[in-house]
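Comments concern the structure below.
Order of the sequence lines fixes the chain letters, A, B, ..., with proteins taken first and strands second; residue numbering starts at 1 for each chain.
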Amino acid sequence: MTVIHLKDIEYSYKANTPILDIEEFKIEADDSTFLFGPSGCGKSTLLGLIAGILKTSKGELQILDTNFANATAIERDRVRAKYIGYIFQAFNLVPYLSVEENVALPAMFGRTHSLKFSDDSEEVRYLCDALGISQFMANPVSELSIGQQQRVAAARALFGSPKIILADEPTSALDTDSRSDFIKLLLDVAKSAQLSILFVSHDLSLASHFCHQVSLRSINRARQ
Amino acid sequence: MNLFTLASKSLLHRKFVTLMTALSISLSVALLLGVERLRTSGKDSFGGAISQVDLIVGSRTGSVSLLLFSVFRIGSPSQNLDLSTADKFSKHEAVNWVEPFSLGDGFQSFPVVGVRSTFFQHFKIQSGKDLIFSQGTIEQPTKFAVIGSNVAETLKLKLGDPIVLAHGHSEDGDGFEKHEAHPLAVSAILDSTGTPVDRAVWVSLDSIEQMHSDIEITTDRASLSQTEKDKISNDDTHEKENPHEPEDSDNEDEAHEHEHEHKHEHNADSADELTETSQPVSGFFVGLKERATALHLMREINEYKDEPLTAIMPAVVMHELWRTLAVGENAMSLVAAMVAVVGIIGMWVSLHILASTRSREIAILRAIGANPRSIFALLTGEALLICVIGIFGGIAMLQIGLQVISPLIVRKYGLTLQLTLPTTYEYLYLLGLIFFSIVAGMLPAIIAIRGALKSGLTTKF
Ligand SMILES: Nc1ncnc2c1ncn2[C@@H]1O[C@H](COP(=O)(O)OP(=O)(O)O)[C@@H](O)[C@H]1O
Ligand SMILES: [Mg+2]
């Protein structure tokens, strides 16, 4: 089953300077894809489109059952809230909430705990255990290292078993050892939850962890 | 967790800015409501100082000054009139009762008013409330001393305590001369009323008369040299015609004789009246049989040929007084409104700065699935919370402030400020403030959300 399907997608922030022009891009269920390309080539922009935060009306942008190219902002926000987990490069967390409150945040916007768990806090505990941050659960996020903060972000993205995880260079602020650790943990938990991962990075050394590798440059006809 | 707890946690995270913003709102609320409160409650307490008195009559003078000295005992009468005039009008067909009063003496720093014992049945306050004796009663209608609650409290007086009147009274509490020969005792203490009644000592007209005749006889007015007379009138703050000299109780009987003769020379018209009614008084209160005749009788008194008199309807003059004060009042309201505007602008600025430093937070919440509406609700909700905290803080500040200043006002003017909850008018102010704070919270929220929508999740930080 295809969870993400882009066809003839174009996007530009300003008129006449297209950032993206993609003929076709697909991601299947239960799959992990590594999307790479140099800085500034439009990786984050593509993730923004897939997440439904940026809007294009050209072409087809099928995310699960919804075509984002002709869906309303409210529909896109709802699909994102329910089915998409997002991890930023850094500063993923709401500074005035504790670790567990950050992890459980999706519940506030419509993605409650998955059926495997009896309540939100049980799933939070499980995810924090799986990602090795259970000892910080009650702490304010400011007390955590960058690596620990990224794990909290991963736990939050995984909370409530979404269908898609979008990760925008989540390891670029980490040292080399913790990068592999982080990716292995993320892929492990994702596999057991049977969801698709689209992992974006300019760092080709991480490519080997994923099933598929795609170069954005090779699929993007804009500017190049 | 819901948006409300999220907003509260966010505010707690920014304690300082939140507190300062709320404080600026509190100050404007306190000021705005304070001015309003002083205005309405001042009006109420002022208006409540006299009731069911249809006319106040004094010797020819300005109507406002007559009201001020007769009811509030601010200022003093420039001329006296004769008691017989008051009694003459009491026989007027339209008149129900007449209560003469005599001002110009003091006890400690409190004004002493000479009245008849029936005064306490006729004079009402606060739309018809009786003056009530909380302790004691008047047993001798010609010799009593009734004190207001504030007098009793301040001077720690009990029933039976001696009262030595001073002729004329001064702010520092020492009269110019003491009438030690006529000690009175506290015969009754009045209930607290929140009006100038609380700050007066009421004695019988006879006691006043007795004292003043004592003074008058000892020195013949004519025997004073011109310079001495000038000196007296310069030193003297009270406007009574009677010069005052150290009393001498010798030859009392002869003295009374002399005094009456002296009076009669001045009031030829009252010569056929009983001699005992010939006594200077400051004015008299009039109660009518029919309210509707007030205007008529007022005109009649103002045109009275035998003596130059002024009659006023207290409610009308009170109203006039408020109209003259309205200019100052409006200026105060304007200042308060301006403070409120400054408060709102201050809030707007800090909310705007807050919102613009929160693009990261907005991006996070957007990524999690928050739609612009939730973000909007969060940001305006925070503004609203700050505003509500500010408003309650302001009301608390006002109540505390009034607790502090109202005793001062009572001491100075005998007026009690009502520490009531906000009136409808004040609620409107508060609603307006809440409305503006929502707008103030909305604008930065809109700007921040538009920014977030345009740049997606690529926000730089
Ligand atoms: N909010 C924005 N407004 C205008 N241009 C933008 C914005 N965000 C990114 N861009 C431009 O779009 C291009 C792609 O950016 P981005 O998707 O962030 O690249 P990457 O994530 O691959 O580094 C860059 O040239 C960048 O300057
Ligand atoms: Mg990027």
- Query: When you look at CG of A:Asp65, are more than 12 heavy atoms from neighbouring residues, nucleotides or ligands closer to it than 6.0 Å?
  - Reply: no
- Checking A:Arg80 side chain against B:Arg366 main chain: does a donor-acceptor pair fall under 3.5 Å? yes
- Task: Write down the atom of A:Phe109, the atom of B:Ala370, and the distance for their closest heavy-atom approach.
- Result: CE2-CB, 3.2 Å
- From CD1 (B:Ile368) to CG (A:Asn102), nearest 0.5 Å: 7.0 Å
- Task: Over all heavy atoms of both residues, which pair between A:Phe91 and B:Arg360 is shortest? Give the atoms and the distance, please.
- Result: O-NE, 3.0 Å
- Message: Could you check whether atom NZ of A:Lys116 has more than 12 heavy atoms from other residues, nucleotides or ligands sitting under 6.0 Å from it?
- Response: yes
- Task: Side chain from CB out, backbone as N, CA, C, O: work out which of these in A:Leu49 comes under 4.5 Å of a heavy atom of chain B, or both, or neither.
- Result: neither
- Message: Do A:Asp77 and B:Pro372 make a side-chain contact, defined as non-hydrogen atoms from C-beta onward lying under 4.5 Å apart?
- Response: yes
- Can you tell which part of A:Pro95 gets under 4.5 Å to a heavy atom of chain B, answering side chain, backbone, both or neither? both
- Message: Need one label for A:Ile74: side chain, backbone, both or neither, based on atoms under 4.5 Å from any heavy atom in chain B.
- Response: side chain
- Message: I need the residue from A:Val79, A:Val94, A:Asn92 with the largest number of non-hydrogen atom pairs under 4.5 Å to chain B.
- Response: A:Asn92
- Most contact-rich option vs chain B, by heavy-atom pairs under 4.5 angstrom, among A:Leu105, A:Leu166, A:Asp120, is A:Leu105
- Find out whether B:Ile364 and A:Tyr86 are in side-chain contact, i.e. whether some heavy atom of one side chain is under 4.5 Å from a heavy atom of the other. no
- Item | Exceeds 12 heavy-atom contacts within 6.0 angstrom, atom OH of A:Tyr83 | no
- Note on the structure: d(B:Glu361 CD, A:Tyr96 OH) to nearest 0.5 Å is 3.5 Å
- Query: Is chain B contacted by the side chain of A:Arg76, its backbone, both, or neither, given a heavy-atom distance below 4.5 Å?
  - Reply: neither
- The interface call for B:Ser10 against chain A, heavy-atom contacts under 4.5 Å, is both
- Message: For chain A, which candidate among B:Leu12, B:Asn2, B:Leu365 shows the most heavy-atom pairs at distances under 4.5 Å?
- Response: B:Asn2
- Task: Kindly check if the number of other-residue, nucleotide or ligand heavy atoms within 6.0 Å of CZ (B:Arg14) is above 12?
- Result: yes
- Message: Quick one, B:Leu3 and A:Met108 - any side-chain contact, counting heavy atoms below 4.5 Å?
- Response: yes
